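Below is one structure, written out as structure tokens, with a few remarks after it.
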Amino acid sequence: MRNGPDIARIAALIGDPARANMLTALMSGKALTATELSQEAGVSRQTASTHLRQLVDGGLLTRRSQGRSRYFALASAEVAGLLETLMGVALGAGHLRLRPGPRDQALREARVCYNHLAGARGVEMYEALRRQGRLHVGEAGVALTLAGEAFVAELGLDVAALRPDRARPPLCRECLDWSERRTHLAGRLGRALFAHMEGAGWLRRAPDSRAVRFTPEGARRFAEAFGPSATGGA
């Protein structure tokens, strides 16, 4: 196709192994320095700078300065969703860089995906919210119901503040989970729920990994809210 979106350029940017490693490292939602990203990519600081400039110019990363340091982050939730989908395609096609191990299992169980919960626990939460009548999935996408608004308010979240405007991401968004090959919850609500669980001590981020681990109390609270026995209004 001669006219229209240039998907070849985006594919080429992501397709380089060093750049792919940088992008994956930023899936945690945190901004990282060029030095940190060079270590993730296994390349020199100079080479990393070239890659980062290409990713910024290509619209996949944003860059901001703080003092003498420059930080890089994914440009949008859409970029994160694209990467998550590509991971699922790679897994389904059998393209794995390493054999699965304990760290891989931890990522499959629960991990952070651009500041929302992913993995088996993320899918479990999404399915529970649907089953409880707190999320409605229709032709227009996924939406928070009145019962969902009440549930979110009970958790102490400000529903009105979560409502999007034109300059913000949608309140609810579906994200295809790469390890489960099913949907987990993204968007502003997904990020707010993850922030609530992290702030309340339900879960902790694993050092140097996107994996998250639930505390014993957090696992109990999660099961109460999203387990098979949890109930919700329609």
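In this chain, numbering begins with 1 at the start of the sequence shown. These figures come from a predicted structure and were not determined experimentally.
Taking each heavy atom of Cys172 and Ala143 in turn, the nearest pair found is SG-C, 4.3 Å. Between Met87 and Met27, the shortest heavy-atom contact is CE-CG, 4.1 Å. Contact between Ala110 and Phe214 at its shortest, heavy atoms only, is CB-CE1, 4.2 Å. Contact detail for Ala12 and Arg19: the closest heavy-atom pair is O-NH2, 3.2 Å. Closest approach of Gly133 to Ala147, counting heavy atoms only: O-CB, 3.9 Å. The two residues Leu162 and Ala192 have their closest heavy-atom pair at CD2-CB, 3.6 Å.
No continuous path of ILVMFWY side-chain contacts below 4.5 Å connects Val123 to Leu176, so the two sit in separate hydrophobic clusters. Val212 and Phe222 fall within a single hydrophobic cluster, where Ile, Leu, Val, Met, Phe, Trp and Tyr side chains are chained together by heavy-atom contacts under 4.5 Å. By the criterion of side-chain heavy atoms lying less than 4.5 angstrom apart, applied directly or through intervening Ile, Leu, Val, Met, Phe, Trp or Tyr residues, Leu146 is not grouped with Leu189; the two fall into different hydrophobic clusters. Note: the hydrophobic cluster containing Leu144 also contains Val137 (ILVMFWY, side chain heavy atoms under 4.5 Å, direct or indirect links). Cluster membership for Val56 and Leu32, using ILVMFWY side-chain heavy atoms within less than 4.5 angstrom, is shared.
Between Leu193 and Leu157, some side-chain heavy-atom pair lies under the 4.5 Å cut-off. For the pair Leu23/Leu13, no side-chain contact is recorded, criterion being any heavy-atom separation below 4.5 Å from C-beta on. Contact annotation: the side chain of Phe151 never approaches that of Leu135 to less than 4.5 Å [non-hydrogen atoms, C-beta and beyond]. When side chains are defined from C-beta on, Ser179 does not count as touching Leu107, because their heavy atoms never get closer than 4.5 Å. At a threshold of 4.5 Å between non-hydrogen side-chain atoms, the residues Met197 and Met125 count as touching. Here the side chains of Thr47 and Ser38 are not in contact, with every heavy-atom distance at 4.5 Å or above. The shortest distance between side-chain heavy atoms of Phe72 and Glu36 does not fall below 4.5 Å. Residues Leu26 and Leu83 form no side-chain contact, since every pair of their non-hydrogen atoms from C-beta on lies 4.5 Å or further apart.
A salt bridge links Arg111 with Asp177: the distance from a Lys NZ or Arg NE/NH1/NH2 to an Asp or Glu carboxylate oxygen falls below 4.0 Å. We find that Glu78 and Arg173 are not joined by a salt bridge, their nearest charged nitrogen and carboxylate oxygen being 4.0 Å or further apart.
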Please assess Asn115 against Glu198 for the test side-chain contact (heavy atoms from CB on, under 4.5 Å), listing each intermediate value before the final yes or no. CA-CA 10 Å; Asn115 286 332; Glu198 187 174 26; over 6 Å; no
side-chain contact (heavy atoms from CB on, under 4.5 Å) assessment of Arg63 paired with Leu52: CA-CA 9 Å; Arg63 175 179 54 207; Leu52 290 168; over 6 Å; no
Leu203/Phe194 under side-chain contact (heavy atoms from CB on, under 4.5 Å): CA gap, chis, key distance, verdict: CA-CA 9 Å; Leu203 52 79; Phe194 182 86; 4.0 Å; yes
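A donor-acceptor pair is defined here as one N or O able to donate and one able to accept, closer than 3.5 Å; such a pair exists between the side chain of Arg210 and the backbone of Val112. Checked by atom type and distance alone, the side chain of Gln132 pairs as donor or acceptor with a backbone atom of Ala225 at under 3.5 Å. Thr183 places no side-chain N or O within 3.5 Å of a backbone atom of Glu174 that could act as its donor or acceptor partner. No donor-acceptor distance shorter than 3.5 angstrom exists from the side chain of Thr24 to the backbone of Asn21, with no hydrogens or angles considered. Side-chain atoms of Glu84 come within 3.5 Å of backbone atoms of Trp178 as a donor-acceptor pair (strictly under, hydrogens ignored). Judged by distance alone, the side chain of Thr145 and the main-chain N or O of Arg134 form a donor-acceptor pair under 3.5 Å.
Atom OG1 of residue Thr33 and atom CZ of residue Arg68 lie 15.0 Å apart, to the nearest 0.5 angstrom. Taking CG of Leu74 as the reference point, atom OG of Ser28 lies at 8.5 Å (rounded to 0.5 Å). The CZ atom of Arg182 lies 12.5 Å from the NE2 atom of His184; values are rounded to the nearest 0.5 Å. Taking CZ of Arg188 as the reference point, atom NE2 of His116 lies at 15.0 Å (rounded to 0.5 Å). For the atom pair CZ of Arg191 and CG of Leu171, the computed distance is 12.5 Å after rounding to the nearest 0.5 Å. Here the CD-CD distance, from Glu109 to Glu124, works out to 8.0 Å after rounding to the nearest 0.5 Å.
Leu55 pairs in a side chain to side chain contact (heavy atoms under 4.5 Å, CB included) with only one of the listed residues (Thr50, Ile14, Leu61, Thr62), which is Leu61.
The aromatic rings of His196 and Trp202 sit perpendicular to each other, their planes meeting at more than 60°, with 30° as the lower class boundary.
Residue-environment remark: CZ (Arg220) exceeds the threshold of 12 foreign heavy atoms within 6.0 Å.
Using a 3.5 Å distance cut-off with no hydrogens or angles, the side chains of Ser49 and Arg45 do pair a donor with an acceptor.
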